[in-house]
Asks: 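My structure is below; once you've seen it, I'll send some questions.
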There are 2 protein chains.
Amino acid sequence: MPPFSADDRDILAETSLFQDLPPEELAQLRASARPVHRPRGGYFFMQGDPLERMYLLVTGRIKITQLGPDGQQILLRALGPGSLFGVVVLTQAKECPVTAEALEDSTALSWTRADLMDCAQRCPTFALNALQVMAAHAQEFQERFRQLATERVERRLAHTLLRLASQAGRKLPEGVLIDLPLTRQELGEMAGTTQYTVSRLLTQWESQGLIYAGRERIIIRHPHGLVSLAEG
Amino acid sequence: MPPFSADDRDILAETSLFQDLPPEELAQLRASARPVHRPRGGYFFMQGDPLERMYLLVTGRIKITQLGPDGQQILLRALGPGSLFGVVVLTQAKECPVTAEALEDSTALSWTRADLMDCAQRCPTFALNALQVMAAHAQEFQERFRQLATERVERRLAHTLLRLASQAGRKLPEGVLIDLPLTRQELGEMAGTTQYTVSRLLTQWESQGLIYAGRERIIIRHPHGLVSLAEG
DNA sequence: CGCACCTTTGAGCTCGGTCAAGGGGCGTGG
DNA sequence: CCACGCCCCTTGACCGAGCTCAAAGGTGCG
C-alpha cells in the first residue's frame, strides 16, 4: 500500500503551512509523511509525552485539551480534516504541552521534528509559513484571553459557537451545523464555564429560535442573532 | 550622533531572536536599526495602527494592552529593557492588534517589516528564532487562558506576581522587587480581576508577611509562600 | 499647597458555580 | 427485536466568590 493517496496530495497543497514550497520540498514532505490512525477515544499524543511529531488531520475529528495541575481540563481547540496539530514540534520544546484525542475514528499524516527542521533549514518559505501559523495561534489565544477576562459567560459562549461555526461549519437548509460531536461539558471547557450553564443558555437560545440544540449537535439558525449577543 | 552605542551591540547579541546569526546579518541588522524614544505615557504604536515596525526595548518600561470592543482593557504584558515587542510584524497582519505604551521614558531600537523579512529570507536561523519567539507567546497565552478559565482570583494574582518577578524581578536584601511601576488597576487587568480585589488580596498578603505592597511597587518577601498559594 | 491619581475599605448584590435528582437517547448484548 | 445500562442532557435550589458602587485616606508632583 502506498503511504498516501491522491487525496493526501490535495490536502498538502491546501494546507497553509505548505503553501508556495518548491516542488522538490513538497515531494520530500510527501515521502516522509507517515499515516497514523486512531479510533474514537484514542490519543495521537498526551500532555507530557516526549514531543516527536506534527500531524495533519486527514479524516475524522479531534480535540486538543490541556490539564491543569489539579486535574481541571480545558478544551483549547476542536479540529476537523485539513487541520494541523502538534505544530509546537517545530520549536525546541521537549514535552507535549497538550493532549490530542480523537472524537471520531481519525487518520492523520505525521512528520518527525527532524524532517520538518531540515525542511525549514533549506527552505525559508517553509519557516515563514510556520511563523504565520504560530502567530495565528498566539493571536487567537490573546483574543480568547481577553474575552475570558472581560466578557460574561453568555457572550463567551456565543463567541465560542460562532468560532466553531467558522472553523467547522457545514451549511444545511436549516442553518449552519457545527460539524463536531461536542458535549455540553466540552463546550463549557471551551468557553470557560460549566456544563450546567451551557445547557441553560442553549435551552434559552433554542426557545428563542436562534439555534437548534441536540445531543452533541448544534445548528445555528440565525447567525446574526448570535453575533448581536456576542458583540452586545 | 551614531545610531547606536556599544550598549546596543550587547543588547542585540543578548536577544534570543538574534542568536546564532552570521556576523554579516547581525551587522546588517545593526545598520538598519532605528532608535525611537517615547516619554512616559507615550505610545510606540496603538491598536489599529498600520503595522510597520518591530521594537527592542533598550531603556525604560512599557506595557502591552488590548482594548475590547466595549472599551474594557486588559494588560497582556509589561516589559523592561531587552524585551522585544511588535514581533507580529513578522507576519502578514496589516494592523497592530495591541497598544504599546511607555510606563517610563523609554528608548527602543526598531526595524521595518521589509528589513526583517529580507533577513528571514536569507537566513533560516533567523526565521527559526522568530518561530521560537512566537511559539513561546502562544504557549504563554494558552497557559494563561487555562489559568483564567479554571483558577480562582487569588491563585491567578499569585501567578501574575510570580511571572512578573521572573520577568522583571530585581534582587533586594528584603526580597524580590517587581521592577515595573504597575498600579492595582493594571495588576487587575493582567490577572483578570478588579483593582478592588487586587488591593484586598495584596493587603492580606502583606499582613501575612508574604509581600511588601507599596504605591506602584511590590516586593516579594517569601516567593515560596506565593508559590504555594499559586499551586494550591 | 493643591490637585490628580493611586489606594483602601465597607456594604450590597448578582452571576454563575455547585450539588442533587431525574429524563432521555443510543449502542450493545442477549 | 427488545432491554439494559451508560452517558448525555435538563432543571431546580442554594450560595458564595468576587464585582459594583460609594466614600474617604495617601502620596507625589507641579
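In what follows, every heavy atom counts, from backbone to side chain, and hydrogens, waters and symmetry copies are set aside. Everything numeric here is computed off the predicted structure, so don't read it as measured data. Chain naming here is simple, since letters A, B, ... match the order of the sequence lines and numbering starts at 1 in each.
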Asks: Rounded to the nearest angstrom, tell me the gap between atom CZ in B/R155 and atom C1' in D/dA17.
Replies: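 So the two atoms are 15 Å apart, to the nearest Å.
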
Asks: Between P on C/dT8 and CH2 on B/W205, what's the gap in Å once rounded to a whole number?
Replies: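 For the pair B/W205 CH2 and C/dT8 P, the rounded distance is 13 Å.
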
Asks: Just how far, in rounded Å, is C1' of C/dT18 from CD of A/Q72?
Replies: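 Rounded to whole Å, this separation is 15 Å.
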
Asks: Please give, in whole Å, the distance from C/dT9 P to B/L201 CG?
Replies: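 About 12 Å, once rounded to whole Å.
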
Asks: Between B/Q139 and B/E143, does any side-chain donor sit less than 3.5 Å from a side-chain acceptor?
Replies: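 B/Q139 vs B/E143: no donor-acceptor pair found between side chains.
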
Asks: What's the CG-C1' distance between B/L157 and D/dG18, to the nearest Å?
Replies: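 One finds 13 Å between C1' of D/dG18 and CG of B/L157, rounded.
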
Asks: With side chains defined as the heavy atoms from C-beta onward, is the minimum distance between B/L90 and B/V133 less than 4.5 Å?
Replies: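 Of all side-chain heavy-atom pairs linking B/V133 with B/L90, none is under 4.5 Å.
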
Asks: Is any side-chain N or O of A/T193 closer than 4.0 Å to OP1 or OP2 of C/dG17?
Replies: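 Yes, because at least one side-chain N or O of A/T193 sits under 4.0 Å from OP1 or OP2 of C/dG17.
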
Asks: Calculate the interatomic distance between B/L148 atom CG and D/dA17 atom C1'; express it in whole Å.
Replies: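 Checked: the CG to C1' distance equals 15 Å.
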
Asks: Hey, which of B/E140, B/H137, B/Q167 is the one that makes side chain to side chain donor-acceptor pair (under 3.5 Å) with B/R77?
Replies: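 Filter result, single survivor: B/H137.
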
Asks: Restricting to nitrogen or oxygen on both sides, can you table the protein-nucleotides 5-11 of chain D pairs closer than 3.5 Å?
Replies:
| unit_1 | atom_1 | unit_2 | atom_2 | d |
| --- | --- | --- | --- | --- |
| D/dC9 | OP1 | A/R184 | NH1 | 3.4 |
| D/dC9 | OP1 | A/E216 | N | 2.9 |
| D/dC9 | OP2 | A/R184 | N | 2.8 |
| D/dT10 | OP2 | A/R184 | NE | 2.9 |
| D/dT10 | OP2 | A/S199 | OG | 2.7 |
| D/dT10 | O5' | A/S199 | OG | 3.3 |

Asks: Can you see if the side chain of B/T197 gets near the phosphate of D/dG18 - specifically, an N or O under 4.0 Å from OP1 or OP2?
Replies: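 Result: no.
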
Asks: May I have the distance from A/R152 (atom CZ) to D/dC19 (atom P), rounded to whole angstrom?
Replies: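 Distance check: A/R152 CZ to D/dC19 P gives 10 Å.
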
Asks: Is the A/F45 ring parallel, tilted or perpendicular to the A/F85 ring (thresholds 30°, 60°)?
Replies: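 Taking A/F85 first and then A/F45, their aromatic rings sit tilted (interplane angle of 30° to 60°).
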
Asks: Over how many whole Å does the gap from A/E189 atom CD to C/dG16 atom C1' extend?
Replies: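 After rounding, the gap between these two atoms is 17 Å.
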
Asks: Run the side chain to side chain donor-acceptor pair (under 3.5 Å) test against A/T91 and tell me which residues pass, sequence neighbours left out.
Replies: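 If we apply the side chain to side chain donor-acceptor pair (under 3.5 Å) test to A/T91, skipping adjacent residues, there are no hits.
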
Asks: When you look at B/T193 and B/L157, which way does the side-chain contact (heavy atoms from CB on, under 4.5 Å) test go after all the steps?
Replies: CA-CA 9 Å; B/T193 182; B/L157 185 60; 5.5 Å; no

